[in-house]
Structure formats: structure tokens, C-alpha cells
2 protein chains.
Amino acid sequence: MAPRAGSRTDRHTPLSKDRVLRAAVSIADEGGIASLTMRRLAQELGVEAMSLYYHVADKDKVLDGIVDIVVNEINARVGEIGAPSSPADWKAAVRRRILAAREVLLGHPWAPGVIESRTNMSPAVLRYFDALGGLLREGGLSADLVHHAMHALGSRALGFTQELFDPNGGDEVGPDVAAIMRAQMADEYPYLTEIVMGASHNGEATLGWCDDQVEFEFGLDLILDGLERLHDRAELRRPDSSAS
Amino acid sequence: MAPRAGSRTDRHTPLSKDRVLRAAVSIADEGGIASLTMRRLAQELGVEAMSLYYHVADKDKVLDGIVDIVVNEINARVGEIGAPSSPADWKAAVRRRILAAREVLLGHPWAPGVIESRTNMSPAVLRYFDALGGLLREGGLSADLVHHAMHALGSRALGFTQELFDPNGGDEVGPDVAAIMRAQMADEYPYLTEIVMGASHNGEATLGWCDDQVEFEFGLDLILDGLERLHDRAELRRPDSSAS
DNA sequence: ACCTGAACACCGTTCAAGT
DNA sequence: ACCTGAACACCGTTCAAGT
């Protein structure tokens, strides 16, 4: 109810675009993206809703801004990793980067949805993808293969896969799917039942039912291994790279 | 302005859940999902907004309903394909099914977003995935591998990949990205520039910038080939299947 | 320069009331 | 049984006005 103590800046320090965006991130982190309204945002900052429009053009720009903050957090985190010891190590390097990005996203579960809703591409996202592309390109992949790679990875490059169904209702705890399956769906959906019965998705870091950590890594490795094979095959056909 | 002639049913045939949902689909098809409001929906049916609530519980149920319609369209289309000549042909069969699903989705560009927004899984989606899982399972893949496969495919199984950025703004025509890149971003994003310059995404069936047909098929084949390799390796380790 | 009050045009939804 | 009018509680946003 009462406005929480802001992160160091007092409630009556003058507003700024930065302060607005940071407050927006923390609201989304705590209450989900649906709870982020202009009026709620103003309240968090101890101000009237209309005051926000002096610092941001409209809500869409707020969403652009909070995506930027999160992706910049990813870029910072990924920057600490540093270049691979050898460019030929591109696969491990890409893998590490993507899993680091995912870790950041785990702290902002609303971010995947908002990132996908943005129609323009933010500089931060461009920077991320450019660096990732660079890793592949310097690793020796052709420009064409790098292009395909970016498309094949898609949102996985940023560390998430949008889940198709999330039976536990996003942030809330719901009824156990396995139980439902066991109870009544066994003969209507025999193959799904078999799968759900054998699986234990519990207790893992997750961005939704279809995006638990081990499945994310499985899919990621499937793609990275595939790219490596395609690259090796191309190398074989046109052998001109120096032996290490 | 004036209500268009409905698809065979006149404007004054009594309302029904079915008529409401079909009108909703056609509004979304024509004006995008944002244009689908309860008031607009009522207007399309020549009725007051409040009348809708007699036939559907709330807007969320409308969204559930239109997803169901689209996925049932997919199931119908995919049902025409029939079983593979041999279960061992699972890869081709799965590929054909998924590309057929994609074709249906091409007629409902709003559907991917709404499908992902649904928190519960519709029977139609369960049926689709169960059938797809069955193809893999009957093809000889282990239950575990089928499970991984479903996760790895994710939304690709239904025929789409959610695009990360869509510089041409969804349904509208926008400025050419390649031109922007050429103009000013060449040295800030060298690798991306190289990729965009070499690419021509034009004139193809598309669900967004990152989801054109050839890239979709590239990613799909990467995953299917990877699954096949994992399966063959497992078969080799435990060789007990009959020779064809 | 920075913030606000009042108001507008939209939402989804409820509920008592009409036929 | 089926539809409606009036109203409510929310949105994002504008604009003239305050300090």
C-alpha cells in the first residue's frame, strides 16, 4: 500500500526518464506485466499519472525502455564472459553466452513476452545479436550459415523459448498436470500421457512448462550441434583454413 | 461502416456461441487482434455488446474459442494427409504435417500470439500434439526422446516461430531495414549488416521478418535431422528392431 | 522547467430490466 | 430464453492551468 523505499533515491528526488523506467521494471518484476499501468507507475513514484508524460512519450516508450534495461543487463553480464580462447571454440562460447542471457531473464519473467511484442528493434538487442553473430563468423561459419543460425535460434539466442502452454498459469501455482492426465486423458491423448507421466519438471529453474532448464539446453545443443555439422561439412568441401 | 453480409447466416439469425466465435475470427483476420473488442464484435453481429455475454462468459473465453477454431482447422487439414506409408518415415511425415499447419496459420497471422497467450491448453492443441507425438513414437523414438522433441520443436511444431523483431511493423509496410543498415549501422553492427545485406527476404510467404518460409524450413530440418541422429545412435547402441 | 486536475475516449463487465 | 440500457471501474492520453 504505502510506497516502498526506493532503491536509494528518495521518493521526492525529481523524476527522470531513468527513474520512471527503473520503477517500471521493479513493478513488472514484482506484480507481472499486467500490473504495470501508468497510474500504478505514478503511484510507485509518489506522483500523479500525468506527470509521467513529461518524461516519457507514452506507455509504448516505457515498454521499449524496460526491454532496453533488461537487454543491457544481459549485455553487461555477457560482457564479463570475454572472448573464447580460440575462435574455433565458437560453440562453447555461444552456449555460455546464451545460458548467461537466460539467467538474467529468469529474474524478469515478463521480459520474453514484452521483447516479442516490440515492433522495433532496440539498439541493445542489435548489439547482443551482433556480438553473437560475430562469435559465429569469427569461428569460421559463412555469412550465410550465420544468417540461418540466427533465424534457427530465434528467441533461444536471447535465452528463452516462448512456452506453448503453461498449465500452472504463469506465476501462480496451479493443479498438477500430470494428475489431470492420469485421471481422465489417458486414452484420449495416449502419447502425451506417456510423456507427462515419465517427466518430472519439478524444482527446476523455469520460464514456463515448456521452458525448463534441461529442455532448453537440449534444444539449444540440438541446434548448435546441427550448425557445427553443417559448418564442418562445408569446410570439408572447401578446405582452406589453417590447421591450429 | 455498415455491417457486411455475414457468411451465409443473415444478420438477424439468433446469436449463438458459434456465430460469435466465427465473427471474432473474421474480425481478427481482417483488422488484427487489437481490433477485436467486445463492442466491435457485437457491432459486427448487429447486436449490443452486452448481448454477447449471454453466449460467452467473457473475452478470455472468446480468445480460447478462436484459438480452438484455428487449431481445429489445422487438425482438419493435417488429417487429410493420412498416415505415413511406413512408420519409419516419421521424419517426412512430421515435416509435412508441420508445414501444413504453418499454411493454415498464414491465413490467421494473429493466431501465434493468441495461442501463446493462452494459459490453459485447449483440447484441439492437445489433439494436435498427441498425434504428432504418436508419429514419432510409432517411428521408434523412445518416450524420452519424443518428450525432448516436443520441447525442442516448441511452437515450431504448430508451424510458427515467434519473431524477435519485425521491422516492417507486422501487417503494415515499413521502411526497408537493409537501407537503414546500409546507411548508418555498418560499423556499429558489422556482422548484422553483413547478414542483412546478403539476405533477400522479399516476396515470400512470411509470418514476420524472422519467420520467412525458407528460414522456417531450415530451422525445422536442423531439429528433425538432429532428432534422427540421436535416434539412430540410440538404435545402434541397442539393436533390436526388425530390418525392413 | 516541472507537475497537476479535470476531462475524454476508450476498454471489459455487472445487473436489473425489458420482451 | 434471449437481448438491452444504464452504469461501474478501469485504461491511456490531452490540454489548459498551476507553481
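Just so we're on the same page: letters track the sequence lines, and every chain starts at 1.
- A distance of 8.0 Å separates CD1 of Ile27(B) from CD of Gln43(B), quoted to the nearest 0.5 Å.
- Residue Ser51(B) is in base contact, counting any heavy-atom pair closer than 4.0 Å across all strands shown.
- Nucleotide dT14(D) holds its P atom 15 Å from the NZ atom of Lys59(A), rounded to whole Å.
- Judged by distance alone, the side chains of Glu194(B) and His147(A) never bring a donor and an acceptor atom under 3.5 Å apart.
- Atoms NZ (Lys61(A)) and C1' (dT13(D)) sit 14 Å apart, rounded to a whole Å.
- A straight line from NE2 of His55(A) to C1' of dC2(C) spans 7 Å, rounded to a whole angstrom.
- For the pair Arg102(B) and Phe160(B), the cation does not sit on the ring face, since its NZ or CZ is not both under 6.0 Å from the ring centre and inside 45° of the axis.
- Whole-Å rounding puts the Glu48(A) CD to dA16(D) P distance at 20 Å.
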Item to complete: Would you sort out whether Asp60(A) and Arg118(A) count as a side chain to side chain contact (heavy atoms under 4.5 Å, CB included), showing the intermediate values?
Response: CA-CA 9 Å; Asp60(A) 225 58; Arg118(A) 298 300 79 201; 3.4 Å; yes
Worksheet item: Under the salt bridge (Lys or Arg N to Asp or Glu O under 4.0 Å) criterion, do Arg77(A) and Glu73(A) qualify, and how do the steps go?
Response: CA-CA 6 Å; Arg77(A) 177 76 151 274; Glu73(A) 194 182 334; 5.4 Å; no
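- The separation between Leu52(B) atom CG and dC15(C) atom P is 18 Å, rounded to whole Å.
- Heavy-atom nearest nucleotides on DNA chain C were determined for Tyr54(A) and for Arg39(A), and the one closer to the 5' end corresponds to Tyr54(A).
- Position along DNA chain D of the nearest nucleotide to Arg40(A) versus Ala57(A) favours Arg40(A) as the more 5'-ward residue.
- In this structure, the CE atom of Met38(A) is 10 Å from the P atom of dT14(D), given to the nearest Å.
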Worksheet entry | side chain to side chain contact (heavy atoms under 4.5 Å, CB included) assessment of Leu158(A) paired with Phe129(A) | CA-CA 8 Å; Leu158(A) 263 174; Phe129(A) 274 90; 4.0 Å; yes
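- Atom P of nucleotide dG18(C) and atom CE of Met50(B) are separated by 17 Å, given to the nearest angstrom.
- Here the OG1 atom belonging to Thr119(B) is positioned 9.5 Å from the CE atom belonging to Met121(B), to the nearest 0.5 angstrom.
- With pairs defined as Watson-Crick or G-U wobble and both atom distances under 3.5 Å, the stems of at least three pairs that touch DNA chain D come out as C:4-8 with D:12-16, C:12-16 with D:4-8.
- For Tyr53(A), a side-chain nitrogen or oxygen approaches OP1 or OP2 of dT13(D) to under 4.0 Å.
- Rounded to whole Å, atom P of dC11(D) lies 17 Å from atom CG of Asp58(A).
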